[in-house]
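Below is one structure, written out as structure tokens; the observations come after it.
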There are 2 protein chains.
Amino acid sequence: MPNGIKVPMPTLERLANYLTIFSDLKIRNVETVSSADLESRAGINAAQFRKDLSYFGEFGRPGIGYNVNELQARISRILNLQKTQSVLLVGAGNLGAALAGYHPLRTENFQIVAAFDNNPNKIGKQLWDLTIQDIDEIISVNKVLQARIGIIAVPASAAQETAERLVSANVVNILNFAPTFIRIPSNVTVRHIDFLQELAVLSYYLPEDD
Amino acid sequence: MPNGIKVPMPTLERLANYLTIFSDLKIRNVETVSSADLESRAGINAAQFRKDLSYFGEFGRPGIGYNVNELQARISRILNLQKTQSVLLVGAGNLGAALAGYHPLRTENFQIVAAFDNNPNKIGKQLWDLTIQDIDEIISVNKVLQARIGIIAVPASAAQETAERLVSANVVNILNFAPTFIRIPSNVTVRHIDFLQELAVLSYYLPEDD
DNA sequence: ACCTCTTTGTGAAATAATGCGCAATCTAAG
DNA sequence: CTTAGATTGCGCATTATTTCACAAAGAGGT
């Protein structure tokens, strides 16, 4: 929903986090929170929280705070999460299987609607409730499914080709788990999750007690 | 290795990426690259690459460029990746299994040396080459293993407790895959990988063709 | 030895993100 | 109806990061 306002990427990234905090609060039957509450409960910065929201309008009431339900609803809407988003998964290995079986996706309105692989031994097999399909079929399959988000869960060596296939199947947003850079047309958005990168950053912060 | 110099976090995050690019270049038998080469080949910004390196000394030769082997070696060393880092895995579900079986970890010198769970049905079972151990044993097990990095791959509801157990077992750096905020002592570093957050950001960028 | 071409490393400028401080707003109580 | 107390939204100062642009350095040819 890239409309008029120019929202900083860090803000966008935090919005999704806020959502998980709100779910938590609802479980605890908290109906109203102030930004200061959120800071002490969930470690987020109160001023930053208010600033983040301010890009999207007014959410709270001075003197009172925020209504948790309303916050959740409005931020879900901002992030296009009110209705279920279909997602294509490419790569039915260990990681693909873990993603396809990852429950929290459903609770946030993402649904993996098809899984693809290029390995003939896997094609036709079940992955949870999905039948693994031939990657060569992706274009025709997605003509029907009309998913706009794709997940790359293949080895690095196959990532670029997978990205191109996703794009040709009309996917516009890609979540890439392969530890490699992929080139894509400028109208496609890519987010990269790299376990190695995260571990490497942690490794940097190891105390040197050798 | 948080020494004197103050390195920006974005720089640190990019360093790990650079490493994967260097591996690629080596496969292609590229011995020398300029920062401009890297920009055209791997989409990284040439000026940013040079600036990133500049926090750690001089790496290249004017008029020539960088020696790929040397770059790789020095950045590995900066990130403490010259010697294998032991990692504890908590959570032997789908995600834990995928991580334990994720080969690229080994090539970057990370080794998962133990897997823990609290589910009696899983304890004692094999997870690839590891035997799943009781989370209650984590302190005594890590007295021997001396791992300093831990991975949380448990459901959100168990993440906080898991974090505390890791800390009590002397882990100082945590990679958290649970979609929830965890409170930890200030001497512990946490990195958070949140699939939902990444998908939510992508979702924001969906064209609204509804 | 000298000139040309290339490319680094890095100050300094430009841009981006964060955090402060407070006027404006709302509630509740007297 | 007024006052006290709480808390938002937001302009602006501060801090962080990226990008620019160029002097210095090295290679290669003549």
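Residue numbering restarts at 1 for every chain, and letters A, B, ... go by the order of the sequence lines.
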Practice task
Using only side-chain N and O atoms of A/Q48, determine if any of them is under 4.0 Å from OP1 or OP2 of C/dA17.
Solution key: no
Exercise for the section: May I ask you to verify if any side-chain N or O of B/S35 is less than 4.0 angstrom from the OP1 or OP2 atom of C/dT8? Expected result: yes
Exercise for the section: Please list, chain by chain and in numerical order, all residues satisfying salt bridge (charged side-chain N to carboxylate O under 4.0 Å, His left out) with A/R74, sequence neighbours excluded. Expected result: A/E70
Exercise for the section: Taking only the side-chain nitrogens and oxygens of B/R61, find out if one of them lies under 4.0 Å from OP1 or OP2 of C/dT7. Expected result: no
Exercise for the section: Could you tell me whether a side-chain N or O of A/Q85 sits under 3.5 Å from a main-chain N or O of A/N80, the two making a donor and an acceptor? Expected result: yes
Handout entry: Minimum-distance nucleotide to B/Y55 side chain [options: C/dG9, D/dT18, D/dT7]
Key = D/dT18
Handout entry: B/Y66, nearest nucleotide to its side chain (from D/dA27, C/dT8, D/dT18)
Key = C/dT8
Exercise for the section: Would you please confirm or rule out a distance under 4.0 Å between OP1 or OP2 of D/dA16 and any side-chain N or O of B/K51? Expected result: no
Exercise for the section: May I have the distance from A/R50 (atom CZ) to C/dA23 (atom P), rounded to whole angstrom? Expected result: 15 Å
Completion exercise
The dot-bracket string of DNA chain C, counting Watson-Crick and G-U wobble pairs with both distances under 3.5 Å, using [ ] for crossing pairs and | for pairs to another strand, is ||||||||||||||||||||||||||||||
Problem - Nearest to side-chain heavy atoms of A/P62, which nucleotide of C/dT10, C/dT25, C/dT7 - result: C/dT25
Handout entry: Phosphate OP1/OP2 of C/dT18: any A/R14 side-chain N/O under 4.0 Å
Key = yes
Practice task
Give a yes or no answer on whether the side chain of A/N142 reaches the backbone of A/A147 with a donor-acceptor pair at less than 3.5 Å.
Solution key: yes
Practice task
For the side chain of B/I64, starting at C-beta, report the closest nucleotide among C/dA24, D/dG9, D/dA27.
Solution key: D/dA27
